[in-house]
Amino acid sequence: MIKKPLALLVGTSLLAFSGVAAAQPLAATSAAAMEHHEAAEMTEGEKLKALFAKSDEENLKRNPIGALFRGDERYADQLGDYISDEYFAGEKAAETAELAALLKLDRSKLSATDKIAYDVFKRDKEQALKGYSDEILSLTIVRPVNHFSGFHTFYPNFASGKGGAPFKTVKNYEDNLKRHKQYIVIGDRSIERFREGMESGVLETKLTITNVIEQLATQNGLGLEDSPFMAPTKNFPEDFSDADKARLTKEYAAATKDIFAGNQRMHDFLKNEYLPVARTEVGLSQMKGGAILYENMIENTTTLPLKADYVHNLGLSEVTRIKTEMEEIKAEVGFDGTLPEFFEFLRTDEQFHPESREALTQAYYDMGKMVDARIGEQFKVLPKSPLEIRPYDESIEKFQAGGSYQSGTPDGSRPGVFYFNAYDLPSRSTSGITTLYLHEGAPGHHFQISLAQENADLPNFMRFGGNTAFVEGWALYAEKLGFPMELYDDPYQRFGHLDDEMLRAMRLVVDTGLHSKGWSREKAIQYMLDNSSMGETDATAEVERYIAIPTQALAYKIGALTIQRLKKEAEVALGDKFDPREFHDQVLNTGALPMTVLESKIRDWIKSQA
């Protein structure tokens, strides 16, 4: 999955902020074009590009973190609001106005590429407005924090010097101090939102809130010197004067103490006031208004008008198929026992667990080198941004997924980062190394996100935006590219791939089970243990993730199946003329498209090649 700075929980796609690159050139071009055509009629294509540029520029002002992740420091002293009534009203007004402006344009007069951009922009605005409706917003803004979404999960790394914020100049350091103050304000406003939910009866779960309480206690328990908020003072640039170093160290210590105090306020409120009234049931359908919210979220996440029952049954059929292939590998390696016993063997045998954090890190380094040696067979365009491999910081790893990706900058000045989880090493399986790297690193998230944001011909909302079904669907599809690159010769690595594919299939079953069929946390965990070789630690973290961010996990399999189906259509139609490098270029060169738009694009391309 992709590391995000904030999940706003408004029922809309949460991929803003994942990209990076200054928006000034497009905005400036738009302004110049407007002036040039003051006395003349602009073409529909010029009007469309001007609308995109204006929308992007205004969005960066309202959401300054998005600008900072692009390397645009114009608003670097601002963290943003993201939680007040004024913020949501401003977002809704902007989406409404931009959709109205788009609908005034004549789509038939646009080029083929501009028509794709038009369709994506239109769908984005329509889906966003559904999320900003009073009905949906009332169910989301009063639950501003859980253990998987909220500023407390994102901000420590962001402000540590290891995230998206720059720490190269004195001003960078001072901007970070200003953002600290706003972070504290957001935390206090989150408490106010929670109180509104207590009054309306729309509540988070005891499970998620208990995890948040532990997260906040862990962060404060690090103490001043070990806090990530103090980390920038231990890595000053060499050109800083001693006076600036001393001043900033003192100011950072004071600001960190203020953050600790804010965390403690949130911790105490959640523990003493909110937890006693929080929901015991974990599913959205058991929350007031939750069934409506879940239906909205399924459509938004998958970019398809799917129902929970369909998704649940699709998951069950995929689980059955994958289990059959697992049985074949079990027979291949000569294991004499049942599939559940084979799962237990993979969970417990020492040969499948890393000896140390260092050994696990080296294994991922080695995998990166093997992928680099073969990647040109599948792609004709490679990202400019380098990819780094790192374990999660130990202060946050307990509640993180097995791996994730954080995007770099289009110019490569900040690399993309593949994070892997080294918490509780006995629960980590080395058989999943290949598939996890292909998904989170290359050619998964790193290729898809980097190639989009490095394509300056795209409007910024397509370079840096997207939808979860495409982004996660591509990453799951990318795991299968290990076969033509001959990375799955080891049957245990092949089983690891099936195990991860099983995870995505089980997600269809478990997410819908939890949120539409009344499954308990324990039933969901047991289902995952019964159908895969996952350890209980991983299975628990996965289920608690689905509880915290419903439907996000549905996107993987839905998106991947769509791309796989389109590839098969192209292979059949084109025969010997089919080139995987060209197919992958067509899938990736216009950013993360909704599934319906992607289908139209690829089918048009197939016709043009036949």
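Looking at Arg545 and Gln552, their side chains do bring a donor and an acceptor atom within 3.5 Å of each other. Neither side chain, Gln219 nor His152, offers a donor N or O lying under 3.5 Å from an acceptor on the other. No hydrogens or angles considered: a donor-acceptor pair under 3.5 Å links the side chains of Ser404 and Tyr392. Checking Asn63 against Tyr87 by side-chain atom types alone, a donor-acceptor pair falls below 3.5 Å. Side-chain contact check for Lys601 and Asn589: at least one donor-acceptor pair (N or O, by modelled atom type) lies under 3.5 Å. A donor and an acceptor atom, one from each side chain of Ser111 and Thr113, are nowhere located under 3.5 Å apart.
Note: Phe483 and His497 have perpendicular aromatic rings, judged against thresholds of 30 and 60 degrees for the angle between ring planes. Taking the six-membered ring where the residue is Trp, Phe158 and Tyr155 present tilted rings, their angle falling between 30° and 60°. The aromatic rings of Tyr405 and His446 lie perpendicular to each other, with more than 60° between the two planes, well past the 30° mark. The aromatic rings of Phe583 and Phe578 sit tilted relative to each other, their planes meeting at an angle between 30° and 60°.
Side-chain atoms of Phe379 and Leu481, non-hydrogen and from C-beta on, do get closer than 4.5 Å to each other. No side-chain heavy atom of Ile389 sits under 4.5 Å from any side-chain heavy atom of Met367. Looking at heavy atoms from C-beta onward, Leu503 lies in side-chain contact with Glu542 at the 4.5 angstrom threshold. Side-chain contact between Tyr488 and Glu479 is present, with heavy atoms from C-beta onward closer than 4.5 Å. When side chains are defined from C-beta on, Pro166 counts as touching Leu68, because their heavy atoms get closer than 4.5 Å. Between Leu593 and Glu599 the shortest side-chain heavy-atom distance does not fall below 4.5 Å. Between Phe52 and Ser55 there is no side-chain heavy-atom pair separated by less than 4.5 Å. Between Asp393 and Asn157 there is no side-chain heavy-atom pair separated by less than 4.5 Å.
For Lys168 and Glu73, the salt-bridge test fails: no basic side-chain N is under 4.0 Å from an acidic carboxylate O. Salt bridge annotation for Asp56-Arg70: present, with a cationic side-chain nitrogen under 4.0 angstrom from a carboxylate oxygen. In this structure, Glu318 does not pair ionically with Arg504, as no charged nitrogen and carboxylate oxygen lie closer than 4.0 Å. Residues Glu57 and Arg74 are paired through a salt bridge, judged by an N-O separation under 4.0 Å between the basic side chain and the carboxylate. The existence of a salt bridge linking Arg62 and Asp81 is excluded, since no basic side-chain nitrogen approaches an acidic carboxylate oxygen closer than 4.0 Å. Remark: Lys61 does not engage Glu58 in a salt bridge, criterion side-chain N to carboxylate O under 4.0 Å. Using a 4.0 Å cut-off between charged side-chain N and carboxylate O, Glu501 and Lys480 make a salt bridge. Using a cut-off of 4.0 Å between Lys/Arg side-chain N and Asp/Glu carboxylate O, Asp175 and Lys171 are scored as salt-bridged. Asp114 has no carboxylate O lying under 4.0 Å from a charged side-chain N of Arg107, or vice versa, which leaves the two without a salt bridge.
Note that CG of Leu360 and CD1 of Ile433 are 5.5 Å apart. Values are rounded to the nearest 0.5 Å. Here the CD1 atom belonging to Ile563 is positioned 5.5 Å from the CE atom belonging to Met595, to the nearest 0.5 angstrom. The distance from atom OH of Tyr364 to atom CZ of Phe418, rounded to the nearest 0.5 Å, is 4.5 Å.
Residue-environment remark: NZ (Lys567) exceeds the threshold of 12 foreign heavy atoms within 6.0 Å. Atom CZ of Arg565 has more than 12 neighbouring heavy atoms from other residues, nucleotides or ligands inside a 6.0 Å radius.
Scanning all heavy atoms of the two residues, the minimum distance from Met297 to Pro550 falls at CE-O, 3.3 Å. Heavy atoms only, all atoms of each residue included: Ala469 and Thr302 are closest at CB-O, 3.5 Å. When every heavy atom of Leu99 is checked against every heavy atom of Lys125, the shortest pair comes out as CB-CB, 4.0 Å.
For Tyr75 (side chain) and Asp72 (main-chain N/O), no donor-acceptor pair under 3.5 Å exists by modelled atom type. The backbone N or O of Ser149 lies less than 3.5 Å from a partner atom in the side chain of Asn146, making a donor-acceptor pair. A donor-acceptor contact shorter than 3.5 Å links the side chain of Lys577 to the backbone of Gln609.
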Evaluation steps, salt bridge (charged side-chain N to carboxylate O under 4.0 Å, His left out), between Lys384 and Glu454:
CA-CA 8 Å; Lys384 298 174 185 175; Glu454 290 169 11; 5.6 Å; no

What verdict does the side chain to side chain contact (heavy atoms under 4.5 Å, CB included) test give for Lys557 and Leu314, after you've listed the backbone C-alpha separation in whole Å, the side-chain angles of each residue and the deciding distance to 0.1 Å?
CA-CA 10 Å; Lys557 199 65 174 162; Leu314 175 63; 5.7 Å; no

Show your reasoning for whether salt bridge (charged side-chain N to carboxylate O under 4.0 Å, His left out) applies to Glu472 and Arg507.
CA-CA 13 Å; Glu472 296 295 358; Arg507 284 172 170 175; over 6 Å; no

Would you sort out whether Asn235 and Phe167 count as a side chain to side chain contact (heavy atoms under 4.5 Å, CB included), showing the intermediate values?
CA-CA 9 Å; Asn235 295 283; Phe167 287 89; over 6 Å; no

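You'll find the ring centres of Phe447 and His584 outside the 6.0 Å limit.
With a 6.0 Å cutoff to the six-membered ring centre and a 45° limit on the axis angle, Lys122 does not count as a cation-pi contact of Tyr118.
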